[in-house]
Novice: 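The following block contains the structure, expressed as structure tokens.
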Amino acid sequence: MPATLSALRAGTGRRLLAAFRGEQTDRVPVWFMRQAGRALPEYRALRADLDLVSMTHRPELVAEVTAQPVRRYGVDAAILFSDIVSPLEAIGVELAIRPGVGPVIASPLRTPADLRVLRPFEPDLDAPWLGQAVRLCTAELDVPVIGFVGGPFTLASYLVEGGPSKAQEHTRALMLSDERTWRALLDALCDIALASAAAQVAAGADAVQVFDSWIGSLSPDHYERYVLPVVRRLFDGLAGLGVPRVYFGVGTGHLLELMARAQPDVLGVDWRVPIELARARVPATIALQGNLDPTICLAPWQIVEAEALSLLGRAPARGYVFNLGHGVLPATSPATMQRLVELVHSQSVRNE
Ligand code: CP3
């Protein structure tokens, strides 16, 4: 990378990475989950003739889609354009990613024998496009690039249900009825996630977020017993990569203390928990990210502004990254997101 570019990256990158490390920043950094793809017309134009999986195999397209929200919104981070099921596709799990629906698995996993399909993921051989894409992104962008993986429970839920589901019944039934198979399944998915994260960081990703989107369907007791041990192993393994690690799930108000026990550097909070209450419940050593209700961004600007200012007023003074409580909704106006970034930056000026 040319010296000027790397200096620029180090400069602008400071804000997000410093907040991830728990430090106070000149302004509150902001980015949005699911900011790449989905709501942007320039993404839809590119995506028109291609399916999502083929797009992820083309590094120059991935770099372009990853950069689009940075250019348009002025956010403080890029998130790699990919999907949580991409490593599964790369090792040969037959699946499709349906627009507006999500991943659909050709042969759902239900028996111990079905687990054979989950062979180890070797990114250099199975998905050479992954490292290439991250390298292009980090070379072209002057903000940090966040890599990501799916949490073991969330990936298991797609594999076992065969697709998206509200309550993950088959998944939780397997968990309760065959603990041995369950542990083998989660262990395999943890290893796949670790390999994917390691490849992304080796190629230059500046941070890693674990999307464990669907753990909210678990009781605290079941989360602690059947999921937390493997999540701890995942976060212990990620620690070796030397970049900040973010842990996020939806509907996790009853799980925050347990999630914190995985010792992420940053905990992502959804909109159902007021940020100041999350701050009081999670150890001060863990930074927070969140948590504007994505639906608010569909409302008139005055409402978005009032709600965002309220959140900024209640958010921690240090170790805080502004984000939505879940992904940008497809119907969101890009103009709203752009104004929101400007608002967060202008209303959070602080002396470092
Ligand atoms: O932030 C970004 O936009 C980067 C790219 C990204 C995608 N998927 C691309 C995508 C990221 C970070 C993801 C993560 C992901 N994928 C999660 C975790 C985050 C969350 O929202 O909880 C989950 C659960 C998935 C699985 C998935 N993939 C679902 C549920 C869907 C359907 C909903 C939707 O967004 O339409 C997808 C499809 C998908 N993944 C699309 C994109 C851009 C849209 C479909 C398309 O363009 O073909």
Side-chain angles (χ1 to χ4, degrees), residues 30-57 61-70 72-73 75 77-89 93 95-105 130 133-134 137 141 143-159 161-166 168 171 189 193 196-197 200 205 207-217 246-252 268-271 289-291 294 323-332 334 337:
V30 48
W31 69 280
F32 304 118
M33 292 185 280
R34 310 302 309 275
Q35 66 186 17
R38 268 195 162 182
L40 286 180
E42 56 267 43
Y43 164 73
R44 297 210 183 114
L46 271 181
R47 167 79 178 70
D49 310 315
L50 287 167
D51 66 289
L52 191 93
V53 172
S54 339
M55 279 183 85
T56 60
H57 292 189
L61 276 184
V62 171
E64 168 58 22
V65 177
T66 301
Q68 284 173 348
V70 180
R72 196 194 262 259
Y73 302 147
V75 279
I79 178 151
L80 181 72
F81 179 74
S82 177
D83 197 87
I84 55 168
V85 298
S86 294
L88 303 178
E89 178 266 328
V93 176
L95 60 86
I97 304 179
R98 303 242 166 89
V101 177
V104 178
I105 312 291
L130 177 64
V134 175
C137 290
L141 285 163
V143 292
V145 174
I146 301 172
F148 71 91
V149 294
F153 176 82
T154 298
L155 288 176
S157 78
Y158 284 108
L159 288 170
E161 306 295 331
S165 79
K166 280 215 167 66
Q168 291 90 39
T171 315
L189 293 170
S196 177
Q200 294 175 63
V208 174
Q209 175 153 331
V210 176
F211 282 99
D212 217 351
S213 302
W214 311 138
I215 48 173
S217 70
V246 188
Y247 190 30
F248 169 77
V250 183
T252 53
V269 183
D270 98 346
W271 67 94
Q289 174 173 279
N291 67 344
N323 205 316
L324 304 183
H326 195 189
V328 178
L329 294 168
T332 311
M337 304 318 283

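Note that this is a predicted model, so its numbers are computed, not measured. Indexing begins at 1, ligand by ligand and atom by atom, following the structure's order.
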Novice: Considering only heavy atoms of Gly100, which atoms of ligand 1 have at least one such atom less than 4.0 Å away?
Specialist: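 Matching atoms, with element in brackets: 36 (O).
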Novice: With under 30° as parallel and over 60° as perpendicular, where do the rings of His326 and Trp214 fit, or are they tilted in between?
Specialist: perpendicular
Novice: Arg44 versus Pro330: any side-chain heavy-atom pair under 4.5 Å?
Specialist: yes
Novice: Which bit of Arg47 is near ligand 1, meaning a heavy atom under 4.0 Å away: side chain, backbone, both or neither?
Specialist: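 Contact part for Arg47 vs ligand 1: side chain (C-beta onward).
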Novice: Among protein heavy atoms, which lies nearest atom 40 (N) of ligand 1, and at what distance?
Specialist: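 Looking at atom 40 (N) of ligand 1, the protein heavy atom closest to it is Asp83 OD1, 2.7 Å.
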Novice: Below 3.5 angstrom, do we get any N/O pair linking Thr154 and ligand 1?
Specialist: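 No: no nitrogen or oxygen of Thr154 is under 3.5 Å from one in ligand 1.
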Novice: Which atoms from ligand 1 have a heavy atom of Gln35 less than 4.0 Å away?
Specialist: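 So the answer, numbered in order with elements, is 1 (O), 2 (C), 3 (O).
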Novice: Ignoring hydrogens and angles, state whether a donor on the side chain of Ser217 or Gln168 is under 3.5 Å from an acceptor on the partner side chain.
Specialist: yes
Novice: Of the side chain and backbone of Val101, name the one, both, or neither that has a heavy atom under 4.0 Å from an atom of ligand 1.
Specialist: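 Answer for Val101: backbone.
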Novice: Just to check, does Tyr158 reach to within less than 4.0 Å of ligand 1 when the distance is taken from its heavy atoms?
Specialist: yes
Novice: Is there side-chain contact between Leu40 and Arg47, with heavy atoms separated by less than 4.5 Å?
Specialist: no
Novice: So, does Pro103 sit close enough to ligand 1 that a heavy atom of it is under 4.0 Å from the ligand?
Specialist: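 Within the 4.0 Å threshold, so yes.
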Novice: Short list, please: which atoms of ligand 1 are under 4.0 Å from a heavy atom of Phe211?
Specialist: 12 (C), 18 (C), 19 (C)
Novice: Does any N/O atom on Ser213 come nearer than 3.5 Å to any N/O atom on ligand 1?
Specialist: yes
Novice: Does ligand 1 have any atom sitting under 4.0 Å from a heavy atom of Arg44?
Specialist: no
Novice: Quick one: are Leu52 and Phe81 in side-chain contact, heavy atoms under 4.5 Å?
Specialist: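 Counting from C-beta outward, Leu52 and Phe81 do come under 4.5 Å.
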Novice: Quick check on Tyr43 - does any of its heavy atoms sit under 4.0 Å from an atom of ligand 1?
Specialist: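 Heavy atoms of Tyr43 do come under 4.0 Å of ligand 1.
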Novice: Within the distance-only criterion (no hydrogens, no angle test), does the side chain of Ser157 pair as donor or acceptor with the backbone N or O of Thr154 below 3.5 angstrom?
Specialist: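 Yes; judged by distance alone, with no hydrogens or angles, the pair exists.
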Novice: Numbering the atoms of ligand 1 from 1, which are under 4.0 Å from a heavy atom of Pro99?
Specialist: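 Answer, ordered by atom number: 45 (C), 48 (O).
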Novice: For Asp212 and Gly249, indicate whether the former's side chain and the latter's backbone hold a donor-acceptor pair under 3.5 Å.
Specialist: no
Novice: Would you check whether Val250 reaches within less than 4.0 Å of ligand 1, judged by its heavy atoms?
Specialist: no
Novice: Within the distance-only criterion (no hydrogens, no angle test), does the side chain of Glu89 pair as donor or acceptor with the backbone N or O of Leu95 below 3.5 angstrom?
Specialist: no
Novice: Quick check: does any side chain N or O of Asn291 sit under 3.5 Å from a backbone N or O of Asp270, one acting as donor and the other as acceptor?
Specialist: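 The answer is yes, because a donor-acceptor pair under 3.5 Å joins these two groups.
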Novice: Is Gln200 reaching over with its side chain to a backbone N or O of Leu130, donor-acceptor style, under 3.5 angstrom?
Specialist: no
Novice: Please tell me if the side chains of Glu161 and Thr171 come closer than 4.5 Å, counting only heavy atoms from C-beta onward.
Specialist: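 Yes; the side chains approach each other to less than 4.5 Å.
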Novice: Would you confirm whether Arg98, through its side chain, and Val104, through its main-chain N or O, come within 3.5 Å as a donor-acceptor pair?
Specialist: no
Novice: Any nitrogen or oxygen of Ala36, side chain or backbone, less than 3.5 Å from one on ligand 1?
Specialist: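 In this structure, Ala36 places an N or O atom under 3.5 Å from an N or O of ligand 1.
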Novice: Consider every N or O of Arg34 and every N or O of ligand 1, then say whether any pair is closer than 3.5 Å.
Specialist: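 Such a contact does occur with ligand 1.
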Novice: Among Ser82, Gly102, Gly37, which one has a heavy atom closest to atom 7 (C) of ligand 1?
Specialist: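 The nearest heavy atom belongs to Ser82.
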Novice: Which residue owns the protein heavy atom closest to atom 25 (C) of ligand 1, what's the atom, and how far is it?
Specialist: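 Going by distance alone, atom 25 (C) of ligand 1 is nearest to Ile84 CG1, 3.6 Å.
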Novice: Identify, by atom number and element, the atoms of ligand 1 in contact range of Ile97, meaning under 4.0 Å from any of its heavy atoms.
Specialist: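 Per the distance check, 37 (C), 38 (C).
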Novice: Quick one: nearest non-hydrogen protein atom to atom 34 (C) of ligand 1, plus distance?
Specialist: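 Nearest neighbour among protein heavy atoms for atom 34 (C) of ligand 1, to 0.1 Å: Arg38 NH2, 3.3 Å.
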Novice: Heavy-atom pairs closer than 4.0 Å: do any link ligand 1 to the side chain of Leu80, the backbone, both, or neither?
Specialist: backbone
Novice: How far is atom 20 (C) of ligand 1 from its nearest protein heavy atom, and which residue and atom name does that atom have?
Specialist: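 Checked against all protein heavy atoms, atom 20 (C) of ligand 1 sits closest to His326 NE2, 3.1 Å.
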Novice: Any side-chain heavy-atom pair from Leu80 and Cys137 closer than 4.5 angstrom?
Specialist: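 Yes - at least one pair of side-chain heavy atoms lies under 4.5 Å apart.
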